[in-house]
4 protein chains.
Amino acid sequence: MTDFTDIQFNILNSAIDLIAEKGIQQLTIKNLAGKIGKTEGAIYRHFEKKTDILCGILQIFKEYKISMQNKIQEKKSSTLMQLKEVMNQHFQMFSDKPAMAAVIFSEEIFQNEKQLADTVFAIMQETQHIVSSLIEQGQRSGQIRKDISPEQLSIIVMGSLRLMVTRWRLSRNAFDLQNEGTRLWESIEKILTR
Amino acid sequence: MTDFTDIQFNILNSAIDLIAEKGIQQLTIKNLAGKIGKTEGAIYRHFEKKTDILCGILQIFKEYKISMQNKIQEKKSSTLMQLKEVMNQHFQMFSDKPAMAAVIFSEEIFQNEKQLADTVFAIMQETQHIVSSLIEQGQRSGQIRKDISPEQLSIIVMGSLRLMVTRWRLSRNAFDLQNEGTRLWESIEKILTR
Amino acid sequence: MTDFTDIQFNILNSAIDLIAEKGIQQLTIKNLAGKIGKTEGAIYRHFEKKTDILCGILQIFKEYKISMQNKIQEKKSSTLMQLKEVMNQHFQMFSDKPAMAAVIFSEEIFQNEKQLADTVFAIMQETQHIVSSLIEQGQRSGQIRKDISPEQLSIIVMGSLRLMVTRWRLSRNAFDLQNEGTRLWESIEKILTR
Amino acid sequence: MTDFTDIQFNILNSAIDLIAEKGIQQLTIKNLAGKIGKTEGAIYRHFEKKTDILCGILQIFKEYKISMQNKIQEKKSSTLMQLKEVMNQHFQMFSDKPAMAAVIFSEEIFQNEKQLADTVFAIMQETQHIVSSLIEQGQRSGQIRKDISPEQLSIIVMGSLRLMVTRWRLSRNAFDLQNEGTRLWESIEKILTR
DNA sequence: GATGAATGAGCGTTCATTCAT
DNA sequence: CATGAATGAACGCTCATTCAT
């Protein structure tokens, strides 16, 4: 339930674009103001602090993520398919909103802003939890190997996902993330099912 | 290989400590000067630009890594054991030099400095290549499953390693990285050998 | 005399409250707008400039003061009693409207706004004049010592009054201003009558 | 024992001049930098925060005051003469360093900076204490009337001193403060001795 | 009457870098 | 070799004020 005004939304989206284009470090109030064609002061009509803008971005990502996750649960497919879907969604998300990766993988940068660091951590934790639960389910239903704990398997799954995304970013989006993601899933699936 | 003067070396190590203690964002010339007990100007006697310092740090890490890798190859153990050793070394390295993780995982921060970004990328690539080769060897010798390509497996291996380290950092080193690393290896091993 | 509209009056009183609560430095248009539950633009419907608001406040204080003074003259009591009453009133006023002290004693803040500085100065002068006249009267009637000029005595009277109020403010109203005022008067009275 | 460097001292004195000329509100880093013919950044080589500059100014005033007070105690004159001297010194100080009045009487402005507010308060308290003690001494030796407590008398003495200085400032130093101060003392003396 | 948006100037502060000594 | 001083550009932020609606 985001209750952002139109302008706030506009600013947030411009910020997201800016991050996608030039990285989080270039998200300055001045650059952002330039991007929306206003002066710096104008931004402060709509957000009290810069941190609030980052928070807003995280919230948008959070809700985007939630909306995607809901689609999965509705499908009532096998846990393995659900897992595939989760990974797929992540690749789609990052492909769609490259800023999301920049923000969510910028733990270092938020180090000095507890509020943000905590939010990023929470998002990470939550995803981890979802994957872990699905794996546990899969193990119970016999679809997924039982000789490795769900926690360890989820680290393996999420870790490889993250690394793929990181490479994609470092290569300046030189390859098709979703394609590679699909291929990665195929490998992961083999691993999970032996 | 390194042709750093004593003082340069001293500065670089202080920088590494500083990063380990307070994060990469706190690596300012002022803070660094304070750490080595000299003035800011003094640093510029020994390094032309701040970027050169970061480059120096990366080079130190690179050589540290190479020296460790050489130890492995000397041992002439099985490829699986060698792989284990590679992972082990990484956990040991990060555990030993926390700054290394902070620097190597700070792709975002280097985004606007091509030279640095490239170096980080190269280091990453090289490790990837080593792991990949070992896996290929393992596949040829029958120790490692063949239904997944070395490239994919190496992403899985390195990805989970990275994620574990990232968690360790975010938790402010709250758990024993080497222990958890060993446990992770056990899982990875099962995966590689089915 | 005041020709303020209802809304203007409302704004001025909110401003006075704001000053009393948070000090003159917190009297910003934004804070004031928040206090009256309107927007900043709304205030500019009723006052052209911020200075006009401060002027308005001063005028209210001026009239409040005049109305109190009128009560004294009506009483037709002895000059000494009238003087006592003047002091009493001041302590009552400041006690009642702490903002008044904040505004009237903020000469420094008005330094760059001639209009305001002049008004504050005028208020100060006028009080001085009243006290001075009363003392002169008292001297003529023999109630007050004649070896010190009315001007000097009035400085002594008003100066101690001001200092007492200043202390009360700095102590964040930690003591009962009116009580202490009464005690101060007793001392002043002894001084005036030898 | 101020341990300011030459440049710090220079900056502080420029700040004092600036205050004397344009008031405390005009003491901005930019204006100050302009005054010393440097850029704003230059100031921060020598003072970490603006507050430190204000603190430095207060310290200078404090020491100036102490040095003057020491001169009095050396003279070993009668308490009444000492009191006269204390007042005299204050008028001389303010006359000599008009910024001192601007700073010391700016309680309102420091309201949000505890450190400064406390220091100003301490200076005020100390003076109050000195005057109060002298008066008590004078009462014991029979030079000063005993029917009013030292605390009350000191409020009267310091209050009139302050008011005189305030007037002088508001009049933009239109009269000779030391002359008027001497005249004020004559009145005060009469009061103290009946 | 009032709102909501915006502006422009200013503020305190940080930082990589330069340079005379 | 090193210092101490300075710079210039940037940053996050605040405030009085304006104006179309």
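Computed from heavy atoms alone, side chains included, the values below leave out hydrogens, waters and symmetry copies. Residue numbers start from 1 in every chain, and the chains themselves are labelled A, B, ... in the order their sequence lines are given, proteins ahead of strands.
For K50(D), the side-chain atoms get nearest to dT13(E) when compared with the rest of dG12(F), dA2(F), dT13(E). Taking the side chain of E40(D) as heavy atoms from C-beta on, and the options dT17(E), dG8(F), dG12(E), the nearest nucleotide is dG12(E).
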- Item | Nucleotide pairing, DNA chain E (Watson-Crick or G-U, distances under 3.5 Å), in dot-bracket with [ ] and | | .||||||||||||||||||||

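Residue-environment remark: NZ (K35(A)) exceeds the threshold of 12 foreign heavy atoms within 6.0 Å.
Between K49(B) and the phosphate of dT17(E), there is a side-chain N or O to OP1/OP2 separation shorter than 4.0 Å. K38(C) has a side-chain polar atom (N or O) that falls below the 4.0 Å cut-off from OP1 or OP2 of dA2(E). Distances shorter than 4.0 Å separate none of the side-chain N or O atoms of Y44(A) from OP1 or OP2 on dT14(F). Of the side-chain N and O atoms in H46(D), none sit less than 4.0 angstrom from OP1 or OP2 of dG4(F).
Of the two residues near DNA chain F, G41(A) and Q25(A), the one whose nearest nucleotide lies more 5' is Q25(A). Of the two residues near DNA chain F, Q26(C) and R45(D), the one whose nearest nucleotide lies more 5' is R45(D). Looking at which nucleotide of DNA chain E each of A42(C) and T51(B) is closest to, the 5′-most match is held by A42(C).
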- Message: Determine whether L18(D) and T28(D) satisfy the following criterion, side-chain contact (heavy atoms from CB on, under 4.5 Å), listing intermediate values before the conclusion.
- Response: CA-CA 9 Å; L18(D) 193 53; T28(D) 66; over 6 Å; no

- Going through the checks in order, is the side-chain contact (heavy atoms from CB on, under 4.5 Å) test met by L54(C) and L58(C)? CA-CA 6 Å; L54(C) 283 162; L58(C) 286 173; 5.6 Å; no

- Evaluate side-chain contact (heavy atoms from CB on, under 4.5 Å) for V103(A) paired with F110(A), printing each intermediate quantity in order. CA-CA 9 Å; V103(A) 173; F110(A) 298 150; 4.1 Å; yes

- Message: Does R169(A) form a side-chain contact (heavy atoms from CB on, under 4.5 Å) with F94(A)? I'd like the steps, not just the answer.
- Response: CA-CA 10 Å; R169(A) 289 174 59 224; F94(A) 291 131; over 6 Å; no

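Between the side chain of D52(C) and the backbone N or O of F47(C) there is no donor-acceptor pair closer than 3.5 Å. Listed for the Q59(A) side chain is no donor-acceptor partner under 3.5 Å among the backbone atoms of G56(A).
With sequence neighbours excluded, the residues that form a side-chain contact (heavy atoms from CB on, under 4.5 Å) with E40(B) are I29(B), K30(B), A33(B), R45(D).
The distance between atom CD of Q8(C) and atom C1' of dG1(E), rounded to the nearest whole Å, is 13 Å. Atoms NZ (K30(D)) and C1' (dG8(F)) sit 13 Å apart, rounded to a whole Å. Between L27(D) atom CG and dC11(E) atom P the separation is 11 Å, expressed in whole Å. Protein atom CG of N31(A) is 16 Å distant from nucleotide atom C1' of dC13(F), rounded to whole Å. Between the CD1 atom of I29(C) and the P atom of dA2(E) there is a distance of 15 Å, given to the nearest Å. In this entry the distance linking CG of N10(A) with P of dG4(E) reads 18 Å, nearest Å. Straight-line distance from the CG atom of D6(A) to the P atom of dA5(E): 9 Å, rounded to whole Å. Residue L32(A) contributes atom CG, which lies 16 Å from atom C1' of dA10(F) at whole-angstrom precision.
Across all strands shown, T28(D) has heavy atoms under 4.0 Å from sugar-phosphate atoms exclusively, and none from any base.
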